[in-house]
S.K.: 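I have a structure I would like to understand better, so I am pasting it below and will then ask my questions one at a time.
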Protein chains: 2
Amino acid sequence: MEKVTQIKSATLSDDLTQRLTAEVVEGVLPLGSKISEPELAKRYGVSRGPLREALVKLEALGLITRTANVGARVIELNIEDLLDTYTLREAMEGMAARLAAELISEQEVAELYTLLDDHQAHLDSNKDEHYASQYGNEDFHLRIIQASQNKKLIRVLTQDLYATIRMYRRYTADSRPDPRQALREHKAILDAIANREGDLAELLMRRHISRAATLLKKAMLHDSISQGNSGQP
Amino acid sequence: MEKVTQIKSATLSDDLTQRLTAEVVEGVLPLGSKISEPELAKRYGVSRGPLREALVKLEALGLITRTANVGARVIELNIEDLLDTYTLREAMEGMAARLAAELISEQEVAELYTLLDDHQAHLDSNKDEHYASQYGNEDFHLRIIQASQNKKLIRVLTQDLYATIRMYRRYTADSRPDPRQALREHKAILDAIANREGDLAELLMRRHISRAATLLKKAMLHDSISQGNSGQP
DNA sequence: TCAAGCTAAATTGTCGACAATTCGACTTAG
DNA sequence: CTAAGTCGAATTGTCGACAATTTAGCTTGA
C-alpha cells in the first residue's frame, strides 16, 4: 500500500523546508515580502521551533534573508545577482562537463543521445515547446552534473544553486532561450563529451551558459521584475 | 570604549555557530564524534533551541551531518572529499582570477605586490615559514576572490568552503606545500592579473590549486587521518 | 507643521517541559 | 552459545509560554 497524497517527511522541519522552498520558488511568497513566523506557523499548524529551523535552511539556500530581532524576508531579484549566479554556474558546470568527458560511461552517453533525440522529436512534432525546453534542458544539465561524480560539485549545483536558478527562470518566463538553439548546443557539448574532449566540453558548456545568461539579462531589462504577487496584502 | 574580550553576537544562535565552527575546525570536537545536544547546551549554558539552529547552520556548512531522530556527528575526512573540494575550488578560484584580471584596480594590484614582497621578506629572513606560508597564502587567495566582485562566488568560497578547506589543511599540517614554490606561483598569477590576461590568470590559478591538492593527497596517504582527539571519551 | 519622545502592541529570541523515537542491556527461548 | 525479543534509560523532535527587542501610532513641544 502506498501513500502518495501525503508526503510525510521524517521531521517537521524537513517537511517545512521543502514546502517553503516551493512557495518561494513558485511565487506564493512574493519577492521581498516579509515572513511572519506566527502567521506561517499557524498556516502550517506547527509551532515556531521547527519553522525557525526551516527558515535557517532557507537562508542557507539563499532564498530568504534574516536579520536579528527583525525577521525574515524573501530575497529580491536583480540583474547583478542573476549575472553573478550564472557566472558561478558557468565555472562549475564547465568543470562538470570536463569531468564528465573523463568519467562518463558509454551507456550514459547513449542515454544522453536518446534524451536529445526525444527532445528533438518533441520540437519537430509538438507545439508545446515550453515543456520540452524547460524539462529537457534541466534534465540534460543535471545528467552532466551527475556524470562528473564530484559530490561537492553536485551538491552545490543541485542543492544550493538550483532553487535560485529556477526562481530566475520563473520570473523571466516570457522571453526564453530559443529551444532549437539550445538543443544544437547540447548536441555539440555531448559530442565533445562522447569524444572524451574535456577541454572542448568545458568551453562549449561555458559558452552555452553564458549565452543563456545574456538572454535572461535582456528579459529582465524588459520585464520589470518586481511584480511577484500572489498572497494577500 | 571597545569590547574585544567578549564578542557578543546579536543572537545566541549566531554566537554558537561561530564557536562550534571553530571547535570543529580546530579539532576540539573530534572528527566523526557524536554531538550530544543536552551536553553541548549545558556546556554553553544555553537551551537546546538556539543550539539546534546553530547545528542546522553547521550542517549547511558541511561541517557536521545530521540524521533525523539519531543526531549529529562531526564529518570525517577522506581523500575523495578532499579532491572533490579542491576540484571545486579550482573551478571557482580559476574563475575568480579571470574576473579579477578584468576588474581589479591598479591600487589593489599594488597592494597585492606589496603583500607578496612582505611574504618574500618573511621567507628570506625569518625561520617561521609556517606562519608566512599559512596566512600569506590565505590572504592572497582571499584578496583575489574579493577582487572578482562576484557576490555569489565570494559567498561560496569564503563562507561555505572556507571552513572545510581549513579543516583539511589542519589535519595535514605536517607536509605542506613548499612556501617558496607557492610564492613563485602567486607572483605569476598576480603578473597575469596585472597584465589583464584573464585566460592566463585562470590557467595559472587552476594549476596552483591543482598542485596543492596533489600535495595534500600525498600527505593524507602518509598520515592516517582518523586520529583527531582532544575531547573526553 | 514637523520632529522628537513616549507608550503599547506585535514580533522575535529563548527557555523548560512533554512526546516520540532510538539505543543499549538484559532476558529468554532455541 | 547464539539470536531474537523486551524493557527502560537516554536522546531527539515538538510545543507553549515568557523575556527582549522592534515597530507603529500617538502625544507633546518647539
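Just so we're on the same page: letters track the sequence lines, and every chain starts at 1.
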S.K.: Tell me which residues in residues 45-57 of chain B put a heavy atom below 4.0 Å from DNA chain C, sorted by number, or none.
M.R.: B:V46, B:S47, B:R48, B:P50
S.K.: Taking only Lys NZ, Arg NE, NH1 and NH2, and the carboxylate oxygens of Asp or Glu, determine whether A:R206 and A:E202 approach each other closer than 4.0 Å.
M.R.: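 Judged by the 4.0 Å cut-off on N to carboxylate O distance, A:R206 and A:E202 do form a salt bridge.
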S.K.: Would B:K57 and A:E59 pass as an ion pair if we require N to O under 4.0 Å?
M.R.: no
S.K.: First contact, last contact: which nucleotides of DNA chain D are these for chain A, 5' to 3', heavy-atom distance under 4.0 Å?
M.R.: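 Contact span on the strand: D:dG13 to D:dT23.
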S.K.: List the atom of B:N78, the atom of B:M220, and the distance in Å for their closest heavy-atom pair.
M.R.: C-CE, 3.8 Å
S.K.: Given side chain to side chain contact (heavy atoms under 4.5 Å, CB included), test B:Q107 with B:E111 step by step and report yes or no.
M.R.: CA-CA 6 Å; B:Q107 184 186 340; B:E111 287 173 8; 3.1 Å; yes
S.K.: Starting at CG of A:L82, measure out to NZ of B:K152 and round the result to the nearest 0.5 Å.
M.R.: 9.5 Å
S.K.: Just checking B:I35: base, sugar-phosphate only, or nothing, at a heavy-atom cut-off of under 4.0 Å?
M.R.: sugar-phosphate
S.K.: Return whichever of A:V70 or A:T11 has its heavy-atom-nearest nucleotide of DNA chain D closer to the 5' end.
M.R.: A:T11
S.K.: Do the side chains of A:R143 and A:E108 get close enough for a salt bridge, i.e. N-O under 4.0 angstrom?
M.R.: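 A:E108 and A:R143: not salt-bridged.
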S.K.: Hey, could you give me the OG1/CG distance between B:T87 and A:L153, rounded to the nearest 0.5 Å?
M.R.: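 Here the interatomic distance stands at 8.5 Å.
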S.K.: For A:K34, is the NZ atom crowded, meaning more than 12 foreign heavy atoms sit under 6.0 Å from it?
M.R.: yes
